[in-house]
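Below: the structure, in structure tokens.
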Number of protein chains: 2
Amino acid sequence: MTDEKEQWLVDLLRRLEDDDGKKTEKQIRIIEAAVEVFSEKGFAAASTSEIAQRAGVAEGTIFRHYKTKKDLLLSIAGPVAAKLFAPFLMRDFARLLELPYDRVEDFLRAILRDRLEFARKNMKLIKILVHEVPFQPELLAQVKELFTHIVVTRVEKAVKHFQAQGALKEIPPWRVIRSTVSQFVGMIVFHVFLAPDFPFDEEEEIERTVDILLHGIAGRPS
Amino acid sequence: MTDEKEQWLVDLLRRLEDDDGKKTEKQIRIIEAAVEVFSEKGFAAASTSEIAQRAGVAEGTIFRHYKTKKDLLLSIAGPVAAKLFAPFLMRDFARLLELPYDRVEDFLRAILRDRLEFARKNMKLIKILVHEVPFQPELLAQVKELFTHIVVTRVEKAVKHFQAQGALKEIPPWRVIRSTVSQFVGMIVFHVFLAPDFPFDEEEEIERTVDILLHGIAGRPS
DNA sequence: AGGAATAGTGAGTGATTACTCACTCTTGTA
DNA sequence: TACAAGAGTGAGTAATCACTCACTATTCCT
């Protein structure tokens, strides 16, 4: 039944796989240059002339492939939003709920590890998305829709599953989700964006973060 | 001894109190209009002509008080950065460490409550600061300096104090700080910026957030 | 090989930009 | 009251902006 309403999501993600479909070499260079300039200066302060210059292309070439500058932005930031939530749509994620012996910590560790890697590989794209989402209504709507659809249909189910199992406290799922997202985003923002040179053992850092999320920072006697 | 090196910080905050010093009525209107336009469109997409129009002022008047558009931005965003960290410099905060009977949860609740209120009252200003910090090196440097100075001299001391007391786990203070900031920022961003219409009992929400930070989301049996 | 579609070009365009400047108006002081 | 200093003005300016278009180069199908 989920496959009916979420078909568009699956389609969306499938389209992301072959997004290198039929692109000219120059068009690829335009996208690469746009990512550079957008992430460095922000969308509004980025000029099409600089993008063209960095791509080694005439300015008119940009507008052959993209109607407007905003079009170029959306063609870049849109897919990032989808990829950001992609792992929560994978089959493995749904199947996971059928494995009652799977421990929450393994589950959380896997997600954090995966999204940390994703953030590292896509720093500039994420920066562009986060920066422009408040000013581009289309982007905001897309992100909100992706997030709510995924959360209510998948993640919330997973939370309730683990709660029934006794692995998670019986608190409202949205609070569990918010705490987890806060902790994970905080960790990723710190290590990837704020202090990328801060030395750390990735596996241990993941484990400690999940441990704090699960058991808190209070002392033992409590 | 802290009073020597941190004199500049104290001075900075004192200057914020009487920042309404000798300002013309039109100058105040310019600042108000600038806050509006900057937060709506972003600094780069905001035009001085629109700011002047909204302030009911000639465009030249802006440049009588501010050398450049960037000057106007910095005069707005700079003080916000300082006010953001201000409560961690208050005398009460330092004195708190001399009260061994004070419980961590009361401490955390007070901070969260205070910063939540601050965020509500200064939504637009915070939005401007967060949005422009990555693109204005002066702002970034100021925020980093404020944060590190405050953290190492005050908050870290507080964490170690509570650890010695047995109220907090013996984990590296920076990890305690990161977890706390993550959880608090996540809570504030959700309630103030993402879902301001989401109905909630503020006091209970504060209590539940602090409880999750202290004791985690794991089920009792563990 | 031929011809149509698509990719690429770059000079040109009107609109908008941040900022200037010569000027007037207001305010405080002696 | 006289006068200096600052506040306020708005037309003006050079630069830059996103975007267009008439044209050429390349690719692709038959």
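Atom set for the values below is all heavy atoms of this structure, side chains included, hydrogens, waters and symmetry mates excluded. Every chain is numbered from 1, with letters handed out A, B, ... down the list of sequences.
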What are the atom names and distances for every N/O pair under 3.5 Å that joins the protein to nucleotides 18-25 of chain D?
unit_1, atom_1, unit_2, atom_2, d
D:dA18, OP1, A:A46, O, 3.0
D:dA18, OP1, A:K69, NZ, 3.0
D:dA18, OP2, A:T48, N, 2.9
D:dA18, OP2, A:T48, OG1, 2.9
D:dC19, OP2, A:K69, N, 2.6

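DNA chain D is contacted by no residue of residues 24-37 of chain A, taking any non-hydrogen atom closer than 4.0 Å.
Rounded to whole Å, atom P of C:dT20 lies 16 Å from atom OH of B:Y66. The separation between A:K23 atom NZ and C:dA7 atom C1' is 15 Å, rounded to whole Å. Between the CD1 atom of A:I51 and the P atom of D:dT16 there is a distance of 17 Å, rounded to whole Å.
Every residue two or more places apart in sequence or in another chain was checked for a salt bridge (charged side-chain N to carboxylate O under 4.0 Å, His left out) with A:E207, and none qualifies. The salt bridge (charged side-chain N to carboxylate O under 4.0 Å, His left out) test applied to B:E132 returns no partner, not counting sequence neighbours.
The shortest distance between the side-chain N/O atoms of B:T61 and the OP1/OP2 oxygens of D:dT9 is below 4.0 Å. Using a 4.0 Å cut-off, no side-chain N or O of A:H65 falls inside it from OP1 or OP2 of C:dT6.
Between A:W174 and B:F198, the angle of the ring planes goes over 60°, which puts this pair in the perpendicular group of the 30/60° scheme.
Applying the ring-ring contact (aromatic ring centres under 6.0 Å, His included) definition to pairs two or more places apart or across chains, none involves residues 50-75 of chain B.
A:S47 places a side-chain N or O within donor-acceptor distance of the main-chain N or O of A:E50, the cut-off being under 3.5 Å.
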side-chain hydrogen bond (donor to acceptor under 3.5 Å, both in side chains) between A:T209 and B:R178, intermediate numbers included: CA-CA 10 Å; A:T209 302; B:R178 204 193 66 202; 3.0 Å; yes
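Judged by the 6.0 Å and 45° rule, A:K69 forms a cation-pi pair with A:F43.
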Review item, side-chain donor-acceptor pairs of residues 31-38 of chain B, under 3.5 Å, at least two apart:
unit_1, atom_1, unit_2, atom_2, d
B:E36, OE1, B:K124, NZ, 3.4
B:E36, OE2, B:K124, NZ, 2.6

